[in-house]
Amino acid sequence: MPTDETVVSKDFIRDLIDEDMRSGRFGARVHTRFPPEPNGYLHIGHAMSINLNYGIARDYGGKFNLRFDDTNPTKEEQEYVDSIMADVRWLGVDWEDRLFFASDYFDQLCEWAIQLIKTGNAYVCDLNADEMRQYRGTLTEPGRDSPYRNRTIEENLDLFERMRQGEFPDGTRTLRAKIDMASPNLNMRDPVMYRILHATHHRTGDKWHIYPMYDYAHGQSDSIEGITHSICTLEFEDHRPLYDWCLDTLGIYHPQQIEFARKALTYTVLSKRKLIELVKNNYVNGWDDPRMPTISGLRRRGYTPEAVREFCARLGVSKANSIADFQQLEACVREDLNKHTARVMVVLKPVKVVIENYPEGEVEWIDADNNPEDPAAGTRKLPFSRELYIEADDYREDAPKGWFRMSPGREVRLKHGYFIKCHTAVKNAQGEVVELRCTYDPASAGGSTPDNRKVQGTLHWVSATHAVDAEVRLYEQLFNKPNPDDVPPGGDYKANLNPNSLTVLAGAKAEPGLATLNGGERFQFMRQGYFCADPDSRPGKPVFNRTVTLKDTWGKAENKPQGKKSG
RNA sequence: UGGGGCGUGGCCAAGUGGUAAGGCGACGGACUCUGGAUCCGUUAUUCGGUGGUUCGAAUCCAUCCGCCCCAGCCA
């Protein structure tokens, strides 16, 4: 008995489905689908659609199909089919035995086209693309009937058959629906159903010389699969009358198309054209570059499917165009990774610490908990010795107000270790600190003292002789404006590319347990952020990608105008 | 100046005639062997504007304004 259940408000699509369930429309059945075109990699925007469609099927005890909308062989490739399947699966979706391709239906679609010709609802048109544009009219003026609009059924049948046989060159003829050239909805002005394309299809090979257009293929594919609710984005709202026309004119099972608004994300681009450009022209290192908003990029970056799903859920669904805040996505990964990820210590920009009163050659193996959020995560042993590395940024000769970390004479705690105090900074000829000479309090073993002395700062560290060298890749936003398309007139979004989106730290020092990783392992580097082992890792030389930083209230405070300090 | 949509705090978003949920962010504070996490406060007298209907409107009506999409033989 739910008593104080939070009322989770449904979205408008689920409201519509609720009505259909109540009325018994579709036999109180729910069946959705995700219909990607295999002409690019999936990105976070697709995740929203997948999450919506799959989530609905799951919530209503219905079914979900994965269907490739592969009606244009000139743009589609098997590589994309493979990557899409991998990404959809990674998101936690199980399409069971329902993997389909629009190309599976080419025969049926063709038969239906013949049916439409026979019923006088379709005709072969000899206008070329240019001429067709002329005849189409404009937004404010009606179009004119094609001179081929009134061919006899026999002639249409003959011509269409010869199109199918490959008798005519590309672009010379089309099969068009005979609807209304004066319709205010341009999609209804005798839209093309089939075009001639002498192209090899990634699945049907050279069987076809004509290929159906999206508008002719999509609804019928939905119909064949028994889809109940065909969910798509807003720009297809204008196509719904055509979707309905095809199904009704054919007299076949008629699913309901429902449109929702896609969301943009700040500091990134999601258009297929731009994503392809970034990859092909090497602005990034491939589709799975951790800076890319692609599913494969997010995966390599260290995002979890759970975080991506949570993000989609938090944003919700609506019909209003919007731009989601990237911080919202980051909040979702932080929340997930905080609970599930082991804490480790890695020094990104090391500076050596020598503890002068610590016995030379001695090594203590300290017990350290792996995750304070999860006792079940257990503990590990960390070596502590006379020479250590700490973060160079954790030392300031002139400590600003509010500084908790190391500076001359100030005592700090080494996490899980001892209290230490720095008395001398050794500098090189350039005046850079190269070594910090410190002393420790032997009574502070484990991080606390008998006198219960408080220290404000706790630093992460690594034993110099035990540390493993690591490469750490720090990422910032790929673009330095919330809206990358915010450019002066005539400008290009690429002008907003962030030159600092990738910083490689080749000299990081990691605790010894991280020596050998395969790629994909996720960690919290204490006090820094969440990181994910990259597949580039080699035994003894791990490589990490920074998924997201930890929240940094000190850094934020220090960077405030009024709080700014030297250093 | 054709058609189709949309406008609720900085960003998402509930709300469907009864007196503005929630999340993110931001700002304070508590706590802390991660300046992390956690916790506790604060953050829309107002729903694109203006009129109207009503005891009562973000919700109904009118009108105006703004934004998005459509003239591929792309999806």
Side-chain angles (χ1 to χ4, degrees), chain A residues 6-11 15 35-37 39 69 71-72 74-76 125 127-129 132-133 136-143 170-176 183-189 191-197 210-211 213-215 217-218 232-241 259 261 263 266 272 311 313-332 334-335 338-339 343 345 372-373 402-405 413-417 419 446-448 454-460 482 524-529 549-558:
Chain A
T6 319
V7 179
V8 179
S9 53
K10 291 182 171 180
D11 52 76
D15 289 344
E37 182 188 15
N39 69 342
D69 227 328
T71 57
N72 186 350
T74 66
K75 292 190 174 175
E76 297 150 7
C125 180
L127 256 24
N128 65 33
M132 199 178 289
R133 192 175 316 119
R136 186 156 32 228
T138 68
L139 294 178
T140 52
E141 300 159 18
D170 285 6
T172 53
R173 283 179 230 265
T174 56
L175 181 72
R176 295 227 257 167
S183 172
N185 180 345
L186 303 226
N187 295 121
M188 300 299 270
R189 319 243 264 225
V192 172
M193 295 163 54
Y194 272 94
R195 75 285 218 186
I196 299 172
L197 244 33
I210 56 172
Y211 290 91
M213 297 289 289
Y214 165 87
D215 282 311
H218 201 88
C232 61
T233 42
L234 245 36
E235 67 270 28
F236 291 103
E237 210 147 19
D238 282 343
H239 295 243
R240 181 156 26 102
E259 311 84 11
K263 282 173 177 43
T266 55
K272 240 173 218 183
F311 173 67
R314 286 187 192 182
L315 289 189
V317 188
S318 73
K319 296 197 71 164
N321 289 316
S322 59
I323 304 170
D325 200 327
F326 200 89
Q327 288 179 114
Q328 180 91 291
L329 213 207
E330 295 190 324
C332 293
R334 283 200 188 96
E335 189 175 302
N338 175 50
K339 279 186 223 124
R343 272 61 173 168
M345 295 201 284
E373 303 288 318
W403 181 255
F404 287 3
R405 282 107 101 147
R413 170 166 40 229
L414 294 177
K415 178 74 184 177
H416 302 304
F419 287 6
S448 58
K454 297 291 180 206
V455 291
Q456 287 184 111
T458 299
L459 310 186
H460 60 281
Q524 184 198 95
F525 288 5
M526 295 205 89
R527 303 206 305 131
Q528 320 218 63
T549 61
L550 244 27
K551 282 203 240 172
D552 179 12
T553 50
W554 163 251
K556 202 195 296 183
E558 194 185 28

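All chains are named by letter (A, B, ...) in the order of the sequence lines, taking the proteins before the strands, and each is independently numbered beginning at 1. These numbers come from a predicted model, not from an experiment.
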Qualifying residues under side-chain hydrogen bond (donor to acceptor under 3.5 Å, both in side chains), relative to [X], sequence neighbours excluded:
X	value
A:Asn338	A:Arg343
A:His416	none
A:Asp238	none

Item to complete: Would you sketch RNA chain B in dot-bracket for me? Only Watson-Crick or G-U wobble pairs with both distances under 3.5 Å count, crossing pairs as [ ], other-strand pairs as |, the rest as dots.
Response: .(((((((.[[[..)..(...]]]((((((.......))))))....[[[[[..)....]]]]])))))).....

How close or far is atom [atom2] of [N] from atom [atom1] of [X], stated in whole angstroms?
X	N	atom1	atom2	value
A:Lys556	B:rA26	NZ	C1'	7 Å
A:Glu373	B:rC39	CD	P	10 Å
A:Leu550	B:rG35	CG	P	9 Å
A:His416	B:rG36	NE2	P	17 Å
A:Asp11	B:rU16	CG	P	16 Å
A:Leu414	B:rU34	CG	C1'	13 Å
A:Leu315	B:rG22	CG	P	18 Å
A:Phe525	B:rA37	CZ	P	18 Å

Just to be sure I understand the rule, does [X] reach a base, reach only the sugar-phosphate, or reach nothing, if contact means heavy atoms closer than 4.0 Å?
X	result
A:Val317	sugar-phosphate
A:Arg405	base
A:Lys263	sugar-phosphate
A:Arg343	base
A:Lys551	sugar-phosphate
A:Gly417	nothing

Worksheet entry | Phosphate OP1/OP2 of B:rG36: any A:Thr553 side-chain N/O under 4.0 Å | yes

Worksheet item: Within the pair A:Ser318 and B:rA13, is there a side-chain N or O less than 4.0 Å away from OP1 or OP2?
Response: yes

Interatomic distance at [atom1], [N] relative to [M], whole Å:
N	M	atom1	answer
B:rG7	B:rA13	P	9 Å
B:rU59	B:rU38	C1'	39 Å
B:rC31	B:rG23	C1'	24 Å
B:rG51	B:rU1	P	24 Å
B:rU50	B:rA57	P	14 Å
B:rG18	B:rG29	P	41 Å
B:rG25	B:rC11	P	15 Å
B:rC74	B:rG52	C1'	47 Å

Practice prompt. Between A:Gln328 and A:Trp403, name the one whose nearest nucleotide on RNA chain B is closer to the 5' end.
Written response: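 By nearest-heavy-atom nucleotide position, the 5'-most residue is A:Gln328.
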
In Å and rounded to the nearest 0.5 Å, what is the [atom1] to [atom2] distance from [X] to [Y]?
X	Y	atom1	atom2	result
A:Lys263	A:Ser318	NZ	OG	4.0 Å
A:Leu315	A:Leu329	CG	CG	8.0 Å
A:Ile210	A:Ile196	CD1	CD1	8.0 Å

Item to complete: For A:Arg240, check salt bridge (charged side-chain N to carboxylate O under 4.0 Å, His left out) against everything at least two apart and list the hits.
Response: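 Salt bridge (charged side-chain N to carboxylate O under 4.0 Å, His left out) check on A:Arg240 returns A:Glu237, A:Glu259.
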
Please state whether the base of [N] and the side chain of [X] form at least one donor-acceptor pair under 3.5 Å?
X	N	answer
A:Glu259	B:rG4	no
A:Arg527	B:rG35	no
A:Gln524	B:rU34	yes

Discussion item. Main chain of A:Asn72, side chain of A:Glu76: is a donor-acceptor contact present, judged purely on distance under 3.5 Å?
Written reply: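 Between the backbone of A:Asn72 and the side chain of A:Glu76 there is a qualifying donor-acceptor contact (under 3.5 Å).
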
Worksheet item: Looking at side-chain heavy atoms only, is the closest gap between A:Asn185 and A:Pro241 below 4.5 Å?
Response: yes

Fill in: side chain to side chain contact (heavy atoms under 4.5 Å, CB included) evaluation trace for A:Gln528 with A:His460
CA-CA 10 Å; A:Gln528 320 218 63; A:His460 60 281; 3.2 Å; yes

Item to complete: Name the orientation class of the two ring planes belonging to A:Trp403 and A:Trp554 (parallel below 30°, tilted from 30 to 60°, perpendicular beyond 60°).
Response: perpendicular

Worksheet item: Going by a 90° cut-off around 0, is B:rG72 syn or anti?
Response: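 For B:rG72, whose glycosidic angle is within 90° of 0, the conformation is syn.
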
Practice prompt. Test A:Thr266 against A:Phe326 for side chain to side chain contact (heavy atoms under 4.5 Å, CB included), laying out the working first.
Written response: CA-CA 5 Å; A:Thr266 55; A:Phe326 200 89; 3.3 Å; yes

Practice prompt. Report, as a single string ordered 5' to 3', how protein heavy atoms within less than 4.0 Å touch nucleotides 66-75 of chain B: B base, S sugar-phosphate only, - not at all.
Written response: --SBBBSBSB

Worksheet item: Nearest to the side chain of A:Arg314 - B:rG23, B:rU34, B:rG36?
Response: B:rG23

